[in-house]
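The first residue in the sequence is number 1, and the count goes up from there.
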Amino acid sequence: MASGLTVETGQAQSQPGAQEYERLIARADGVARSRAFFRDYIEKVKGWELPAHQVPVVAAMQDLYYGLLRTADGRPTHKLAVLMPPASGKSQLAVEFCEWVIGKEIYEGRYPEVGYFSYVDGLAADRWGAVLETIEVAEMQREGVREVQEGLLPYYEVFPGVIPDREKTWASHRFFLQRTEIGMKDPAMMGYGLQSQITGLRCGTLMVLDDPHNLNTPPASSELETTWDNYKNMLETRGIIGITPILLACTRVAENDFYAHAQEIEGDWAVIHQSALLGETPQEYRSFFPPGVSSSGKPFGISVEALLAIATQRNRTFLTQYQCLPPTVQGDFYTTFLEEQEPRPEDIVGVYWFWDTADSKNDTSDYNVGGEWIRLRDRRVMLTNVVYFRAKGYETAEAAAREAQATFARWGKRPWIYVEAKSSGTSIADMIVRDQHWPAAKALKIPNKDLIARSDHAGGYFNNGRVLLPKRIATWKDW
């Protein structure tokens, strides 16, 4: 009886020990896996429920760090481009990737040098500030000032050597971590806008380019070229060319945007291209990220109906930002013409005729060209008619007034007539007012006589989908 009692007591005492042992083994395994695998870090340390569309992105980022990334045709590469729609988590993934890379470098005994770049300083600061917040919260958790969220592994346990260096002089663009070497100048992470002057700093561990273009304003061709030139001449040299991993996270904005340059000029990028609306026919349509609610109660995703509404109301936005595709190529300077139905009169704010005239020595011009433009309430414009002909100056004035009368009858709004203010244009504008009795006419000065410079100035509005053509015109390219 005593023996039986001893056995029972021994069993009762050994059971908690076995459970604790298994818990410690599982925790150690989670810590090891979080150090080794980016996905485990996201799930076990950050507590992020990884949606399906992010799984290949996370795997590719991990391959980028380990030097295992390949292009579509199987070539090794250290450059990864992730094209994903808004609210798909690409920027947050880039932030988490920086945290993981910094931790791994410290754990392996190397001091990290990470650069985070966006189109403007403030956006880059928000991103590296999020990385710093993770590191500073981990420091507070280590000191017992802040609790670790239940069920998650603390960052400091996975990467114990990541400690902010308060002895260094910090700035609004960078932060430092403690290191064994003395007198080293480079920060652990820095963040700048692509238009900033970045000299004297290194980011040899990782370079992130997150939204290199401003999506809120139409970028002109010169801006697109400047962004690429700054990257090649200033940013790329901050790393180790041919070695430093480079991550690009973006959508599309124009035919010659950053991604287009990367592919056409370099051509050695691995690419993950995720469109928002999937399927070829309405019966097959599905969203890349169906709407739902996370375990924390936060809504996510976008419905097929919402995507189709964007496609109908803002086709340019749908094409570039949500489908991550370039605008359709239609010309050399102006690469995008969107075709839509003619507007209703109540949608029209103003109507205008613009004329370009030319005279020859024979007092008969080369082709005079006039375009009828209407301005819509949504701040877009539509080119609704074009005429061109040879005529003398007074004949051009008569034609301009005649077309303006037809426009007035058609749209119910009296159009302004603008004539380019060159040698013949000024006199033609005067004739329209004096002889044709059309008061709303004047000569318009063009600030730059260089045709390429003019096209560059206006190109952003075309490339941003703000210039429309009516669907009724099938031969508009002949204009």
Exercise for the section: Test side chain to side chain donor-acceptor pair (under 3.5 Å) on Glu105 and Tyr65 and set out the steps. Expected result: CA-CA 11 Å; Glu105 290 293 294; Tyr65 176 77; 2.6 Å; yes
Practice task
Evaluate the side-chain proximity of Val82 to Leu247: yes if any heavy-atom separation is below 4.5 Å, no if none is.
Solution key: yes
Exercise for the section: Walk me through it: do Met61 and Val101 pass the test side chain to side chain contact (heavy atoms under 4.5 Å, CB included)? Expected result: CA-CA 10 Å; Met61 287 180 175; Val101 168; over 6 Å; no
Exercise for the section: In sequence, state the C-alpha distance, the side-chain angles, and the governing distance for Phe175 and Trp128, and then conclude on ring pair (Phe, Tyr, Trp, His ring centres under 6.0 Å). Expected result: CA-CA 9 Å; Phe175 66 84; Trp128 74 256; 5.7 Å; yes
Completion exercise
To the nearest 0.5 Å, atom CG of Leu69 lies from atom CD of Gln62 at 11.5 Å
Name every donor-acceptor pair, under 3.5 Å, that has one atom in a side chain of residues 436-443 and the other anywhere in the protein, sequence neighbours excluded.
residue, atom, partner, partner atom, Å
Trp438, NE1, Pro415, O, 3.2

Fill in the blank from the handout: Of all heavy-atom pairs linking Ile241 and Glu236, the shortest is CG1-O, 3.7 Å
Fill in the blank from the handout: dist Tyr394:OH -> Glu398:CD (nearest 0.5 Å) comes out at 7.0 Å
Practice task
Please confirm whether the backbone N or O of Leu376 pairs with a side-chain atom of Asp347, one donor and one acceptor, at under 3.5 Å?
Solution key: no
Handout entry: Rounded distance [0.5 Å steps], NE2 in His78 versus CG in Asp63
Key = 15.0 Å
Problem - Donor-acceptor contact present, side-chain Ser287 to main-chain Phe289, <3.5 Å - result: yes
Handout entry: Note, Trp416 side chain near Trp373 side chain (heavy atom, < 4.5 Å)
Key = no
Practice task
State, without any angle test, whether Glu99 and Thr134 hold a side-chain donor-acceptor pair at a distance under 3.5 Å.
Solution key: yes
Exercise for the section: Could you walk me through whether Lys413 and Thr407 pass the side chain to side chain donor-acceptor pair (under 3.5 Å) test, one step at a time? Expected result: CA-CA 8 Å; Lys413 294 183 181 294; Thr407 295; over 6 Å; no
Handout entry: Exercise: identify the closest heavy-atom pair between Leu177 and Pro112
Key = CD1-CG, 4.3 Å
Problem - Between CG on residue Leu277 and CD1 on residue Ile302, distance to nearest 0.5 Å - result: 9.5 Å
Problem - Nearest atoms (heavy-atom pairs only) where Thr251 meets Met84 - result: CG2-O, 3.0 Å
Exercise for the section: Please round to the nearest 0.5 Å and tell me the distance separating atom CD1 of Ile417 and atom CG of Leu444. Expected result: 13.0 Å
Problem - Side-chain heavy-atom pair Ile310, Tyr322 within 4.5 angstrom cut-off - result: yes
Practice task
Please state whether the rings of Trp228 and Tyr231 are parallel, tilted or perpendicular, taking 30° and 60° as the class boundaries.
Solution key: tilted
Practice task
Indicate yes or no: does Glu395 engage Arg390 in a salt bridge with an N to O separation below 4.0 Å.
Solution key: no
Handout entry: Quiz item: cation-pi between Arg127 and Tyr116, 6.0 Å / 45°
Key = no
Exercise for the section: Measure the shortest side-chain to side-chain distance between Leu248 and Leu80 over non-hydrogen atoms and say whether it is less than 4.5 angstrom. Expected result: no
Problem - Contact check, side chains of Asn230 and Leu235, non-hydrogen atoms, under 4.5 Å - result: no
Exercise for the section: Dump the intermediate steps for side chain to side chain contact (heavy atoms under 4.5 Å, CB included) on Val351 and Phe408, then the final yes or no. Expected result: CA-CA 9 Å; Val351 187; Phe408 186 29; over 6 Å; no
Practice task
Using modelled atom types only, decide if a donor and an acceptor are shared between the side chain of Gln321 and the backbone of Pro86 within a distance under 3.5 Å.
Solution key: no
Exercise for the section: Please check if the side chain of Thr320 supplies one atom and the backbone of Cys324 the other of a donor-acceptor pair under 3.5 Å. Expected result: no
Practice task
Evaluate the side-chain proximity of His53 to Ser88: yes if any heavy-atom separation is below 4.5 Å, no if none is.
Solution key: yes
Practice task
Assess whether side chain to side chain contact (heavy atoms under 4.5 Å, CB included) is satisfied between Thr396 and Phe389, documenting all intermediate values.
Solution key: CA-CA 9 Å; Thr396 302; Phe389 50 84; 4.1 Å; yes
Handout entry: Heavy atoms from other residues, nucleotides or ligands near CD of Glu133 exceed 12 (cutoff 6.0 Å)
Key = no
Practice task
May I ask you to decide if Arg202's main-chain N or O and Asp186's side chain share a donor-acceptor pair within less than 3.5 Å?
Solution key: yes
Exercise for the section: Run the salt-bridge test on Arg39 and Glu96 with the 4.0 Å N-O cut-off and return the result as yes or no. Expected result: no
Practice task
Could you label the plane-to-plane angle of the Phe38 and Trp100 rings as parallel, tilted or perpendicular, counting under 30° as parallel and over 60° as perpendicular?
Solution key: tilted
Practice task
Give a yes or no on whether a salt bridge exists between Arg252 and Asp257, defined as a side-chain N under 4.0 angstrom from a carboxylate O.
Solution key: yes
Exercise for the section: State whether the side chain of His261 and the backbone N or O of Leu224 hold a donor-acceptor pair below 3.5 Å, judged by distance alone. Expected result: no
Practice task
Check whether any side-chain N or O of Thr205 sits under 3.5 Å from a backbone N or O of Glu113 as a donor-acceptor pair, and report yes or no.
Solution key: yes
Problem - Ring geometry between Tyr192 and Phe117 (parallel below 30°, tilted from 30 to 60°, perpendicular above 60°) - result: parallel
Fill in the blank from the handout: Smallest heavy-atom separation, Thr77 atom then Lys79 atom, equals OG1-N, 3.1 Å
Fill in the blank from the handout: So CG of Leu83 and CD1 of Ile272: to nearest 0.5 Å the spacing works out to 10.0 Å
Exercise for the section: Tell me yes or no: between the side chains of Thr384 and Glu372, is some donor less than 3.5 Å from an acceptor? Expected result: yes
Exercise for the section: Could you tell me whether the side chain of Val58 reaches within less than 4.5 Å of the side chain of Leu93, counting heavy atoms only? Expected result: yes
Problem - Least distance between heavy atoms, Leu194 atom then Met234 atom - result: O-CE, 4.0 Å
Handout entry: side chain to side chain donor-acceptor pair (under 3.5 Å) assessment of Lys104 paired with Tyr41
Key = CA-CA 11 Å; Lys104 285 187 67 62; Tyr41 170 80; over 6 Å; no
Completion exercise
Tightest non-hydrogen contact, residues Gly371 and Leu383, listed as CA-CD1, 4.2 Å
Problem - Any donor-acceptor N or O pair under 3.5 Å, side chains Asn368, Thr357 - result: no
Exercise for the section: Please examine the side chains of Thr244 and Cys203, heavy atoms only from C-beta on, and report whether any two atoms are closer than 4.5 Å. Expected result: no
Exercise for the section: Check step by step if side chain to side chain contact (heavy atoms under 4.5 Å, CB included) holds for Tyr352 and Val381. Expected result: CA-CA 10 Å; Tyr352 313 88; Val381 296; over 6 Å; no
Exercise for the section: Look only at the side chain of Ser118 and the backbone of Pro212, and say whether a donor-acceptor pair between them is shorter than 3.5 Å. Expected result: no
